[in-house]
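Below you'll find the structure, written out as structure tokens, and then a few comments.
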Amino acid sequence: MGQKIHPYGFRLGIVTDWKSRWYSDTDYADQVNEDWDIRSYLQGELKRGAVSRIDIERIGDKKVQVDIHTARPGVVIGRGGSEAERLRSGLEKLTDKIVKFNVNEVQNAETDATLLARSVADQLEGRVSFRRAMKRAVSTALKAGAEGVRVQASGRLGGADMGRREWYLEGRVPLHTLRADIDYGSATARTTVGAIGVKVWVYKGEVIPSLAASREKIAAEARLAAGGPAQRRRKSAKSRAEEAAGASGSQRRIIEAGGGKRLIEAGGGKRRGKRTEETPAAMTTADARDAFEMARSEAEEILEANAATGAEATEASATEAVAETTEAVAETTEAVAKEAVAAPEAVVEETAAAPEGVVEETAAAPEAVVEEAAPVEDAEAVEETKEDEGGEA
């Protein structure tokens, strides 16, 4: 068996205030019954007055102040105050005391739990679907600024033979939090199949600020007094995740993507592996074209040197080597250009291997061609190579 706590009584004196404000040592029971009669009379007379709350305050033994909070003050007051005067005289007859009658307008009726419950009950009495009525009440309260709403209906819902309970909840309604401002209201729908009870909980936020919020407010005031910004910039989710991972900005960073997150080196990397110091730098199309021009100029110098010595065989072999080298470099340049347009990442992999391909193609050329194409490291080695070529010719 569930033992429920009333949301209003649970927070009485902490967040909410008493609806009856008076004190008595001797006539306590009589005055409680009198308050009950006053509320029953007003609720019976103002069925269409959209009454949210009735507060009763006693001033001495012969004065009673009644405050009515309603969303339709014009209906309660009446034309020229006639309705309010009629209600005041009725209360004086009921209590045999002087009654002061006040009418207060509810500012935000869409977030008032009692008014929402009464609205749902009126729709149920008008044969509106209970699901539609409950969902409409939830959406109305949320649009008006409520942080959470729960609407519950109990009884023969939809004309069913067996009674049941259904509810809808949107947002959050922390019933165990004392500082939460939760408005609670109930109403009864008198339908043709029986009575249907409606309960509504509306969470409007916290009344008593938390300790963390108080400290943040104090810190903001201190920063403002020191000439700094009033509100400290909050770190992004990415920065907080990096700090939680314990990684510095120079080592690793988290990249957010549509399919998830992946870790890469801070300096970037290739598609199939991370770039390290041993990996050669990626070649671009311009670099490949420069390599081609350099190989071509070296091959022309070799041809001129061989022509001066009259070595026809060497010239023919050198010409074939130059043709092969030129063709290989041209193919490499064309492939690099196509890959650069199609996939920039593929350019890095294809062009990285281009210099090696040039060396392999030139390996089939005569020794003189390979030695001249290679970087000149020593001048004496070059002179010895020329003398050898002259002797063979």
Side-chain angles (χ1 to χ4, degrees), residues 3-78 81-109 111-122 154 175 178 180-190 195 197-202 204 207:
Q3 298 176 353
K4 305 296 185 297
I5 298 297
H6 198 285
Y8 171 78
F10 186 51
R11 295 167 177 81
L12 195 60
I14 301 174
V15 174
T16 59
D17 195 7
W18 281 262
K19 295 182 180 179
S20 294
R21 295 182 293 273
W22 49 266
Y23 178 80
S24 177
D25 288 329
T26 57
D27 300 333
Y28 180 83
D30 296 336
Q31 293 185 6
V32 168
N33 293 330
E34 189 175 288
D35 290 351
W36 178 271
D37 294 337
I38 291 174
R39 291 191 173 92
S40 299
Y41 172 77
L42 293 176
Q43 290 174 356
E45 295 290 333
L46 299 172
K47 291 183 179 180
R48 299 297 176 183
V51 177
S52 171
R53 188 175 75 253
I54 300 175
D55 295 340
I56 300 175
E57 183 176 357
R58 298 181 183 274
I59 305 171
D61 296 335
K62 296 296 182 180
K63 279 189 177 182
V64 178
Q65 179 177 336
V66 179
D67 298 333
I68 294 182
H69 299 266
T70 175
R72 299 175 181 174
V75 176
V76 178
I77 297 174
S82 58
E83 187 69 16
E85 185 63 26
R86 184 183 68 85
L87 294 174
R88 190 184 64 80
S89 60
L91 290 175
E92 288 182 349
K93 292 180 180 179
L94 181 65
T95 60
D96 292 333
K97 296 177 182 178
I98 301 173
V99 176
K100 184 179 179 181
F101 194 76
N102 297 326
V103 178
N104 300 322
E105 182 179 3
V106 177
Q107 298 297 329
N108 197 354
T111 59
D112 192 281
T114 302
L115 297 180
L116 286 175
R118 187 66 259 172
S119 175
V120 174
D122 292 341
S154 305
L175 296 177
L178 287 175
D181 184 10
I182 297 179
D183 192 11
Y184 172 77
S186 61
T188 303
R190 304 292 178 179
V198 180
K199 296 180 180 180
V200 176
W201 294 261
V202 178
K204 300 180 181 180
V207 176

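Below, all heavy atoms of this structure are taken into account, side chains as well, without hydrogens, waters or symmetry copies.
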Which atom of [X] lies closest to which atom of [Y], heavy atoms considered:
X	Y	result
Gly90	Tyr41	CA-OH, 3.6 Å
Arg190	Ala195	NH1-CB, 3.6 Å
Lys204	Thr111	CE-O, 3.2 Å
Arg58	Asp35	NH2-OD1, 2.7 Å
Leu115	Ala109	CD1-CB, 3.7 Å
Leu175	Arg11	O-NH2, 2.8 Å

* **Check ion pair Arg118-Asp112 (N to O, under 4.0 angstrom)** => no
So, using side-chain contact (heavy atoms from CB on, under 4.5 Å) as the criterion, who are the partners of [X] when residues are at least two apart?
X	answer
Ala84	Phe101
Tyr8	His6, Leu12, Thr16, Lys19
Glu85	Arg88
Val51	Leu46, Ile54, Ile68

* Name all residues meeting the ring-ring contact (aromatic ring centres under 6.0 Å, His included) criterion together with Trp22; count only those two or more places apart in sequence or in a different chain, and write none if there are none. => Tyr28
* Step-by-step side-chain contact (heavy atoms from CB on, under 4.5 Å) determination, Asp55 to Trp18 -> CA-CA 8 Å; Asp55 295 340; Trp18 281 262; over 6 Å; no
* Asked: How long is the gap from CG on Leu87 to OG on Ser82, to the nearest 0.5 Å?
  ->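 The distance works out to 9.5 Å.
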* To do: Supply the atom-to-atom distance Ile56 CD1 to Arg21 CZ, rounded to the nearest 0.5 angstrom.
  =>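 Going from the CD1 atom of Ile56 to the CZ atom of Arg21 covers 10.0 Å.
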* Whether over 12 other heavy atoms sit under 6.0 Å from Asp30 CG ->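 Above 12, so yes.
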* Asked: So, Thr70 side chain and Gly49 main chain: donor-acceptor pair closer than 3.5 Å or not?
  ->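 Answer holds: yes.
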With a 4.5 Å limit on heavy-atom distance, are the side chains of [X] and [Y] in contact?
X	Y	value
Glu34	Ser20	no
Thr114	Arg53	no
Ile182	Val15	no

* Test side-chain hydrogen bond (donor to acceptor under 3.5 Å, both in side chains) applied to Glu45 - qualifying residues, sequence neighbours left out ->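 With neighbours one apart ignored, the set is Arg86.
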* Asked: Picking from Ile38, Val66, Asp37, what satisfies side chain to side chain contact (heavy atoms under 4.5 Å, CB included) with Thr95?
  ->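 When side chain to side chain contact (heavy atoms under 4.5 Å, CB included) is applied between Thr95 and each of Ile38, Val66, Asp37, only Ile38 qualifies.
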